[in-house]
Amino acid sequence: MGERRDNEPESAQLPEGPVVGVVGAGTMGAGVAQCFAQAGYRVVVADPDEEARRGGAERLRAGLRLQRLLRGRRQQGTAAAGQAQQKESPQPEAPQQESAAAPADPAALVDFTADLAALAEATFVVECAREREPLKAEILRALDRLCPPATVFASCTSAVPIARLASFTGRPELVVGTHFMNPAPLKDAVEVARSPHTGEETLARTLRLLESIGKKPIVVGDGPGFVTNRVLMLTVNEAAYVLHEGTADAESVDRVFQECFGHPMGPLRTGDLIGLDTIVDTLDVLREHTGDQRFQPCPLLAKLVAEGSTGRKAGRGFHHYPNTSSPLVPRGETSHG
């Protein structure tokens, strides 16, 4: 894994094979790159910001270490269960094997670069830029000029309608939404948003690719926020109002959702995990595209973001996170919900 020099050909960095492009080296971009690399795909991550590229490479390495740790624990658990079963039954079991496609060193399959032109040979590109429509429009227009005519553009947008993003390209039938959940390497589900223009073959290619990296795609129609964030963002915002108005403290708000509804995490901790800056950006997009003032960010939410209290990655948000050191939700980086 490395950062390609301007005068160094990409082939010197990565082995031969299909290339998946990722635009954006932030929390979500690094996580998406990890998902593809772990499945054996060559990945090129483009981001003009040097600090973002350096941070993305660090997150990728940390994420891979975490995956090895989790895999080791699963294997220990499987071995222990097998020993217990052998005591109960003498029937031997065939040993489970790792996937043949799993590379020995996934990090070696990932190249970070400042140059968007490095994605010129990619057959599939996932756009993971911040939730700012003008930025996404600029990226998609550039990709449309650079990439082969058959390249699929998949956006990891949290809220911008796919038909709107497709309008910035000359290939609307090849644009689809792939809303990975955060943290991407640990979440199996991917919300796949199909606009009225998305072609059947584009959808089929996208589903095959996601399934090949172990994801479980859920196909939905197009619209602001799709399913997840059309509902979730309003829930987080209303939970912030409950806290803002003094109806309950943050811990009690989340406990209600966990203990009454069985949610693994309440809406305020969920917001902290996603990143409160991303929550505000997404609410703004939803308000713009729906005209619904319910998506106006709660004053408390806006205040926390203005103060830099953006959630778990900053060590504080609705809740406090002393000594936060998550490799998948680092401080000072934007993640997508």
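The figures that follow rest on heavy atoms only: side chains count, while hydrogens, waters and symmetry mates do not.
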Is Ile218 close to Val190 at the side-chain level, that is, under 4.5 Å between some pair of heavy atoms? no

Indicate whether any N or O donor in one side chain lies under 3.5 Å from an N or O acceptor in the other, for Tyr241 and Thr247. no

Contact between Val242 and Glu238 at the side-chain level, heavy atoms closer than 4.5 Å - yes or no? no

For a side-chain contact (heavy atoms from CB on, under 4.5 Å) check, start with the C-alpha distance between Thr27 and Lys313, then their side-chain angles and the critical distance, and finish with the verdict. CA-CA 10 Å; Thr27 299; Lys313 61 193 175 186; 5.7 Å; no

Residues Val125 and Cys147: closest non-hydrogen pair is CG2-SG, 4.3 Å

Does any N or O in the side chain of Asp222 come within less than 3.5 Å of the main-chain N or O of Ile162, such that one atom is a donor and the other an acceptor? yes

Could you give me the CA-CA distance, side-chain angles and deciding distance for Arg54 and Glu50, then say whether salt bridge (Lys or Arg N to Asp or Glu O under 4.0 Å) is met? CA-CA 6 Å; Arg54 184 165 52 249; Glu50 182 179 355; 3.7 Å; yes

Give a yes or no on whether Leu209 and Leu207 share a hydrophobic cluster (residues Ile, Leu, Val, Met, Phe, Trp, Tyr; joining criterion: side-chain heavy atoms under 4.5 Å apart). yes

Would you mind reporting whether Thr270 and Leu232 have side-chain heavy atoms less than 4.5 Å apart? yes

Linking I/L/V/M/F/W/Y whenever their side-chain heavy atoms sit closer than 4.5 Å, directly or via other members, would Leu243 and Phe257 fall into one cluster? no

State whether the side chain of Asn237 and the backbone N or O of Cys298 hold a donor-acceptor pair below 3.5 Å, judged by distance alone. yes

Heavy atoms only: give me the nearest Ala39-Pro103 pair and the separation to one decimal. C-CD, 4.3 Å

Please report the C-alpha distance between Leu60 and Val110 in whole Å, then the side-chain angles of each, then the deciding distance to 0.1 Å, and finally whether the side-chain contact (heavy atoms from CB on, under 4.5 Å) criterion is met. CA-CA 9 Å; Leu60 177 66; Val110 183; 3.8 Å; yes

Output for pair (Leu174 CG, Leu203 CG), nearest 0.5 Å, gives 12.0 Å

Report whether Val126 and Ile213 are members of the same hydrophobic cluster (ILVMFWY, side-chain heavy atoms less than 4.5 Å apart, transitive linking). yes

Run the side-chain contact (heavy atoms from CB on, under 4.5 Å) check on Asp284 and Glu288 step by step: do they pass? CA-CA 6 Å; Asp284 287 340; Glu288 176 186 350; over 6 Å; no

Run the side-chain contact (heavy atoms from CB on, under 4.5 Å) test on Val23 and Leu119 for me, step by step, so that the C-alpha distance in whole Å, both residues' side-chain angles and the decisive distance to 0.1 Å come before the verdict. CA-CA 9 Å; Val23 182; Leu119 305 186; 3.6 Å; yes

Are Val256 and Val236 in one and the same hydrophobic cluster, where Ile, Leu, Val, Met, Phe, Trp and Tyr link if side-chain heavy atoms are under 4.5 Å apart? no

Identify the two heavy atoms, one from Val175 and one from Thr202, that lie closest to each other, and give their separation to 0.1 Å. N-CG2, 4.5 Å

Measure the shortest side-chain to side-chain distance between Arg312 and Phe318 over non-hydrogen atoms and say whether it is less than 4.5 angstrom. no

Of the non-hydrogen atoms in Asp188 and Gly214, which two are nearest, and what is the gap between them? OD1-O, 4.1 Å

Regarding Asp254 and His319, is there a side-chain donor-to-acceptor distance under 3.5 Å anywhere? yes

Straight-line distance of Asp111 CG to Arg42 CZ, nearest 0.5 Å: 9.0 Å

Should Tyr321 and Asp272 count as side-chain neighbours, where that means a heavy-atom distance under 4.5 Å? yes

Before accepting this row, confirm whether a basic side-chain N of the pair Lys303/Glu307 lies closer than 4.0 Å to the acidic partner's carboxylate O. yes

Tell me the closest heavy-atom pair linking Gly56 and Ala30, and the distance in Å. O-CB, 3.7 Å

Between Phe226 and the options Val231, Val192, Val220, the side-chain contact (heavy atoms from CB on, under 4.5 Å) test singles out Val220

Should Leu210 and Thr206 count as side-chain neighbours, where that means a heavy-atom distance under 4.5 Å? yes

Going from CZ on Arg287 to CD on Gln296, what distance comes out if it is rounded to the nearest 0.5 angstrom? 4.5 Å

Do Thr278 and Asp281 have side-chain N/O donor and acceptor atoms under 3.5 Å apart? no

Within the distance-only criterion (no hydrogens, no angle test), does the side chain of Lys136 pair as donor or acceptor with the backbone N or O of Ala129 below 3.5 angstrom? yes

Just by distance, do the side chain of Arg53 and the backbone of Pro48 share a donor-acceptor pair under 3.5 Å? yes

Under 3.5 Å, side chain of Asp292 to main-chain N/O of Phe295, donor-acceptor pair present? no

Would Glu191 and Lys216 satisfy salt bridge (Lys or Arg N to Asp or Glu O under 4.0 Å), going step by step from the backbone distance to the final call? CA-CA 9 Å; Glu191 186 179 35; Lys216 298 176 180 178; over 6 Å; no

Go through the steps for Arg205 and Glu200 under the test salt bridge (Lys or Arg N to Asp or Glu O under 4.0 Å), then give the verdict. CA-CA 9 Å; Arg205 285 175 62 185; Glu200 291 286 350; over 6 Å; no

Distance from Leu273 atom CG to Leu268 atom CG, nearest 0.5 Å? 12.5 Å

Does Thr151 reach the side chain of Arg171, with side-chain heavy atoms less than 4.5 Å apart? yes

Answer with yes or no whether the side chains of Thr157 and His179 bring together a donor and an acceptor at under 3.5 Å. no

Mind checking the CG-OG1 spacing from Asp277 to Thr310? Nearest 0.5 Å is all I need. 5.0 Å

Does a donor on one side chain and an acceptor on the other come within less than 3.5 Å for Thr198 and Glu173? no

Provide the closest heavy-atom pair for Ala163 versus His197 in the form atom of the first, atom of the second, distance. CB-CD2, 4.2 Å

Run Glu211 and Lys215 through salt bridge (Lys or Arg N to Asp or Glu O under 4.0 Å) and show every step you take. CA-CA 5 Å; Glu211 289 167 353; Lys215 297 303 183 185; over 6 Å; no

Spell out, as yes or no, whether a donor-acceptor pair under 3.5 Å connects the side chain of Asp47 to the backbone of Ala114. no

Are the side chains of Phe36 and Leu109 in contact, using a 4.5 Å heavy-atom criterion? no

Rounded to the nearest 0.5 Å, what separates atom CG in Leu304 from atom CD1 in Ile279? 12.0 Å

Modelled atom types, side-chain donor and acceptor of Ser155 and Glu127, under 3.5 Å: yes

